[in-house]
Structure formats: structure tokens, C-alpha cells
Amino acid sequence: MAIPLQSRLPEVGTTIFTVMSALANAHEAVNLSQGFPDFDCSSRLKELVTHHMKAGHNQYAPMPGVPALREQLVRKFEQQHGHAYDSEKEVTVTAGATQAIFTAILALVHPGDEVIIIEPAYDCYAPAIHMAGGKVIRVPLDIRGRDMDTSLIAAALTEQTRLIIINSPHNPTGVCFSESSMQSLERLLADTDVMVLSDEVYEHIVFDDKVHYGLAKYPGLRERGVVVSSFGKTYHNTGWKLGYCFAPEDLMTEFRKVHQFNVFSVNRPMQHAFSDLLAEERSYDDLSAFYQEKRDFFCRAVAGSRFDFTASEGTYFQLLDYGSIAQEPD
């Protein structure tokens, strides 16, 4: 006899990534549905992982992450964004960016809280909000203007708004939020208690001389914000599931309370390897040019088709309008 269950996520099935990747495999098709590279990560990085495995770094890492890696991440972040987080109290290494996002939402959102997300959105946001007992408030991205529309966010704010999730470069549209929109968001939230979760996993993949304007550049956002990023997107190893996040001490304290019970700590030899690699080189500086060549190749290939599109400004993705082909929903 089947045991009657009450689903925590009754409207959620298998993710579209799993469905489309399975179809691509079944039909031996090129898989354009899921964001992972079809080439290997660096041989040097694999050498470093092997070295640290053989060196005996195979037991639990410290809960927030290996200290040397956290120090390297803080150094890298300060070079890029001009702000130095505290490596001991304000950065945590996670089992991928999705775990960091889920953990941040569980730590910060309480039953009945409203969370604003900008749609279309990465598909983990809404389920995590539901799991925390929050209410999803959906605000559309300004696709034509290719930016975050803070006037729509302002209209969606209520006394119940607890958190806003932003994502730039944006998955799946490839839009990079402008500095003016980030400044506008900073002004909008100045007299509120609303927090911001900034998903910046594609920070190093921006095109056409665009600039990534990260949350930490803006003091009024930084003081209320959690920044999430990913080794997998930057170093071509999405299967390793290693990410990290920065936040002020008060927010990170709450983050770690949840992190220690849903993961505790993450892959130790890989953490040591990334620490060494960050000390040795800055291959992420060349990542935008590397991926723009691939974006341009793809855009040239579909330019003569009936798809309508504007070339993406960042990320792995290229959004295509199929209105000239069919009127079916996506």
C-alpha cells in the first residue's frame, strides 16, 4: 500500500535541464539546453587535486572552508571589486552555487516573508523560497531595455518583503545589469530592512567590453547583501560542484548556521587545489574573450535562420525568439 504523502513542492517535477539533456542523449543531438562546457578543465588543476589527495587532505575540511582558499578568494575579490571581506568571518566555501543560494534563502527567509525574483529566473530560486515558507513575488526583466527595471521592483515592495534576488550576468537572457540600475536599487533599499541575494556565477563571462557591476561595489547593497559565485563556471568543472559566497558578518553568521547542517563542509582536496591555482595564475582574466569567440560563432551560425535575437551580453546562454516559427509556449 502506498503511503499518502503531502509534497513540500507539489508543483515541481523533474527539472527541465534533466528532461532536455535526456532527450539530447536519446536522439544523439547537440545538447543546447544545459549550461555546462563540452571541454575539459585545466590539466594543472587536476594535477593539484591529485597532489592534495596524495598529500592526505582527504578528511573533513573546516566548516567555512579551507583557510588558505578563503584568503585567496578575499584577495581575488578585493582586486576585482575593491572591497576586502574578512576571510575568517565573511566568506564560506559551498557545495556549488545552488547550495549557497538555497542555504542563504533558508537562513534569511521566514514563513510569510515575500521574496522578489526577476523573471525569467534560474529555476532553483522559487522552490527554495517555497521550502522556506516564503512567497514568491515575480517581477519581469526589461528584455527590450536589457536591464533590471527598479521601478517594477519598487512597485512590488511591501512591508512583508524580506529579500530580493538579483542575477547578473543574467541566466538565461544573457543581460548584464547596468551601473545605473544597481545604483537605483541601492537608493531604493536605503531606508528599508530588505536584503539582497546576488547570484554572480557568470561574473567572468561578459562580452563586447561590458562590465560586470557586482553587488559589493555599492556600500548600501553590500551591507545587506549575500554574493554567490562558482568555481565550476569559471574553471570549466561544473561537475565538481564547488562555489562560495561573501556576506557581512551578521548575515554570514546566519548563513553558516544552516550551512553546517545541510552540508557542513565540502570537498577538501579540491579546495586546496583551487587555493594553489588562485595563487599561481589569473586565467579568469581571459575567460570573456574565450567565451565571446564561441558566442560569436554560434550567433553567426543562426543568423540566417528564422530565430530573432540580440547577442547575449554574458553567460553561457543565447536567448532566441521563435515567434516567426511557432506560437507554442516555451
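Below, all heavy atoms of this structure are taken into account, side chains as well, without hydrogens, waters or symmetry copies.
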Subject >> Heavy-atom check, side chain of Val175 versus side chain of Met148, under 4.5 Å >> reply: no

**OP:** Compare all side-chain heavy atoms of Leu163 with those of Ile105 and state whether any distance is below 4.5 angstrom.
**Re:** yes

**OP:** Measure from the side-chain N and O atoms of Asn237 to the backbone N and O of Gly239, and report whether any donor-acceptor pair falls under 3.5 Å.
**Re:** no

So does [X] pair up with [Y], basic N to acidic O under 4.0 Å?
X	Y	answer
Glu203	Lys233	no
Asp208	Arg295	yes
Arg146	Glu313	yes

Subject >> Option among Gln79, Gln72, Glu78, Gln80 that satisfies the side-chain hydrogen bond (donor to acceptor under 3.5 Å, both in side chains) test with Lys76 >> reply: Gln80

Any side-chain donor near an acceptor of the partner, [X] and [Y], under 3.5 Å:
X	Y	result
His57	Gln271	no
Tyr125	Asp199	yes
His170	Thr173	yes
Ser168	Glu200	no
Thr15	Asp123	no
Thr315	Asn171	no
Gln292	Ser288	no
Ser230	Tyr202	no

**OP:** Check step by step if ring pair (Phe, Tyr, Trp, His ring centres under 6.0 Å) holds for Tyr316 and Tyr291.
**Re:** CA-CA 8 Å; Tyr316 287 160; Tyr291 273 113; 5.4 Å; yes

How are the rings of [X] and [Y] set relative to one another: parallel (under 30°), tilted (30 to 60°) or perpendicular (over 60°)?
X	Y	value
Tyr235	Phe274	tilted
Phe77	Phe246	tilted
His83	Tyr85	perpendicular

**OP:** Applying salt bridge (Lys or Arg N to Asp or Glu O under 4.0 Å), name anything that partners Arg187, two or more places apart in sequence or on another chain.
**Re:** none

Original post:
Which residues pass the salt bridge (Lys or Arg N to Asp or Glu O under 4.0 Å) test with Asp285, sequence neighbours left out?
Top reply: Arg282

